[in-house]
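Predicted model only: the values in this text are computed from it and were never measured.
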Amino acid sequence: MKKIYRIIIICLILITGFSVNKVEASGKFEIEEDCGDVVLTKYKGTDKIVKVPEGVTLINGAFKKNKHIRKIILPNTVKEIWAFSFYNLKNLRTIKLSKKLRRVESSAFINCPKVKKIAIPKKCKYLEGGSIAGCYNLRTITVKKGNKYFTVKNGALYTKNM
């Protein structure tokens with residue numbers, strides 16, 4: 001009998017520990033809860049200005065190939081942006097990153113040719129190679145005061161240890 005209870009308890013732990021649940025959001029956003037993260041996986045709208053819902057902690061491929069978006073505003077709950085999340089946003093001009101953003105994966109903003117400036121937040125620790133590749137009109141990169149990991153010198157972004 002004890003063996004059966006142990007098996008049931010183990011199954012319950014596995015089921016609850018690895019579950020992915022849909023989270024309520026407006027009809028334009030598909031958001032899932034996964035291991036404590038609130039993950040934005042899809043944006044289905046046609047708005048020119050998109051404000052990501054408060055509470056989202058991770059963006060995973062949500063905006064790729066959207067031809068309508070001109071401006072994206074991330075809430076300060078977003079901590080990570082995964083690869084290809086903003087891929088091929090041909091009309092994106094402005095990105096307001098989260099103050100708590102820590103990581104931007106490779107190819108996250110690949111091929112966003114109309115972006116002219118980007119400000120790296122104070123807490124951002126990882127900007128993987130190619131994370132802003134294809135932003136051909138990028139003219140200004142700034143690093144928020146107090147960032148321990150990045151610096152800008154002669155208009156180029158470097159790690160603090162160069």
Side-chain angles (χ1 to χ4, degrees), residues 17-144 147-152 155-160:
F18 296 106
S19 65
V20 174
N21 301 312
K22 291 276 184 188
V23 175
E24 290 300 316
S26 82
K28 296 178 184 179
F29 297 98
E30 286 183 16
I31 298 175
E32 299 175 349
E33 189 174 323
D34 187 7
C35 298
D37 281 310
V38 178
V39 184
L40 176 57
T41 58
K42 183 84 175 155
Y43 173 72
K44 300 179 280 187
T46 58
D47 297 328
K48 290 180 181 177
I49 299 173
V50 177
K51 192 171 183 180
V52 172
E54 191 70 34
V56 169
T57 59
L58 196 150
I59 298 175
N60 184 8
F63 298 99
K64 57 183 150 186
K65 296 184 179 181
N66 186 301
K67 61 185 175 189
H68 305 284
I69 300 172
R70 290 186 178 193
K71 180 177 184 177
I72 291 182
I73 303 166
L74 302 182
N76 289 328
T77 53
V78 174
K79 295 178 184 173
E80 293 187 24
I81 299 172
W82 286 10
F84 299 102
S85 290
F86 300 93
Y87 166 69
N88 211 26
L89 270 65
K90 300 276 187 184
N91 291 308
L92 181 65
R93 289 170 170 76
T94 307
I95 307 162
K96 184 176 183 287
L97 297 174
S98 162
K99 290 179 182 176
K100 294 185 180 178
L101 184 67
R102 295 182 315 220
R103 175 185 211 98
V104 180
E105 286 190 358
S106 176
S107 304
F109 290 96
I110 193 165
N111 203 25
C112 296
K114 293 186 180 178
V115 172
K116 291 185 179 177
K117 63 183 178 178
I118 192 163
I120 309 303
K122 178 181 175 180
K123 295 188 180 220
C124 189
K125 186 175 183 177
Y126 301 102
L127 282 171
E128 293 183 6
S131 58
I132 54 175
C135 295
Y136 303 113
N137 287 306
L138 188 61
R139 299 291 181 252
T140 307
I141 300 175
T142 57
V143 176
K144 295 292 184 175
N147 184 298
K148 299 176 190 175
Y149 310 101
F150 297 99
T151 188
V152 174
L157 181 67
Y158 296 95
T159 59
K160 284 277 184 171

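The CD1 atom of I118 lies 9.0 Å from the CG atom of L157; values are rounded to the nearest 0.5 Å. Separating the OG atom in S85 from the CD1 atom in I72 is a distance of 9.5 Å, to the nearest 0.5 Å. Expressed to the nearest 0.5 Å, how far CD1 of I81 lies from SG of C124 amounts to 8.5 Å. The structure places CH2 of W82 at 12.5 Å from CG of L40, a figure rounded to the nearest 0.5 Å. I132 contributes atom CD1, which lies 6.0 Å from atom CD1 of I120 (distance to the nearest 0.5 angstrom). Between T41 atom OG1 and I31 atom CD1 the span is 8.0 Å, to the nearest 0.5 Å.
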List, one per line, each side-chain donor-acceptor pair under 3.5 Å for residues 49-60, sequence neighbours excluded.
unit_1 : atom_1 : unit_2 : atom_2 : d
T57    : OG1    : D37    : OD1    : 3.1
T57    : OG1    : V38    : N      : 2.9
T57    : OG1    : V38    : O      : 3.3

Can I get a per-line list of side-chain donor-acceptor pairs under 3.5 Å for residues 95-106, giving both atom names and the distance, sequence neighbours left out?
unit_1 : atom_1 : unit_2 : atom_2 : d
S98    : OG     : P75    : O      : 3.2
S98    : OG     : N76    : O      : 3.4
S98    : OG     : V78    : O      : 2.8
S98    : OG     : K100   : N      : 3.0
R103   : NE     : E128   : OE2    : 3.4
R103   : NH2    : E128   : OE2    : 2.8
E105   : OE1    : A83    : N      : 3.1
S106   : OG     : G129   : O      : 2.9

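Other residues, nucleotides and ligands contribute over 12 non-hydrogen atoms within 6.0 Å of the NZ atom of K160.
Looking at residues two or more places apart in sequence or on another chain, you find a side-chain contact (heavy atoms from CB on, under 4.5 Å) between F84 and Y87, S107, I110. Applying the ring-ring contact (aromatic ring centres under 6.0 Å, His included) criterion to F109, with sequence neighbours excluded, gives F86. With sequence neighbours excluded, no residue forms a side chain to side chain donor-acceptor pair (under 3.5 Å) with T140. Partners of T46 according to the side-chain contact (heavy atoms from CB on, under 4.5 Å) rule, which considers only residues two or more places apart in sequence or in another chain, are H68.
A salt bridge (Lys or Arg N to Asp or Glu O under 4.0 Å) with D47 is found for one member of K28, K67, K71 and no other, namely K28.
No side-chain heavy atom of T151 sits under 4.5 Å from any side-chain heavy atom of V143.
Summarising the geometry of L89 relative to K64, their closest heavy-atom pair is CD1-CA, 4.0 Å, with the distance given to 0.1 Å. What you find for K144 and P121 is that their closest heavy atoms are CG-CA, 3.8 Å.
Within the structure, the salt bridge (Lys or Arg N to Asp or Glu O under 4.0 Å) test picks out no pair touching residues 129-142 (sequence neighbours left out). Contacts classified as side-chain hydrogen bond (donor to acceptor under 3.5 Å, both in side chains) and involving residues 108-125 (residues at least two apart or in different chains) are given here: N88-N111, N91-K114. Sorted by first and then second residue, the ring pair (Phe, Tyr, Trp, His ring centres under 6.0 Å) pairs with a member in residues 35-58 read F29-Y43, Y43-F63; sequence neighbours excluded.
Side-chain atoms of N66 come within 3.5 Å of backbone N or O of G45 as a donor-acceptor pair.
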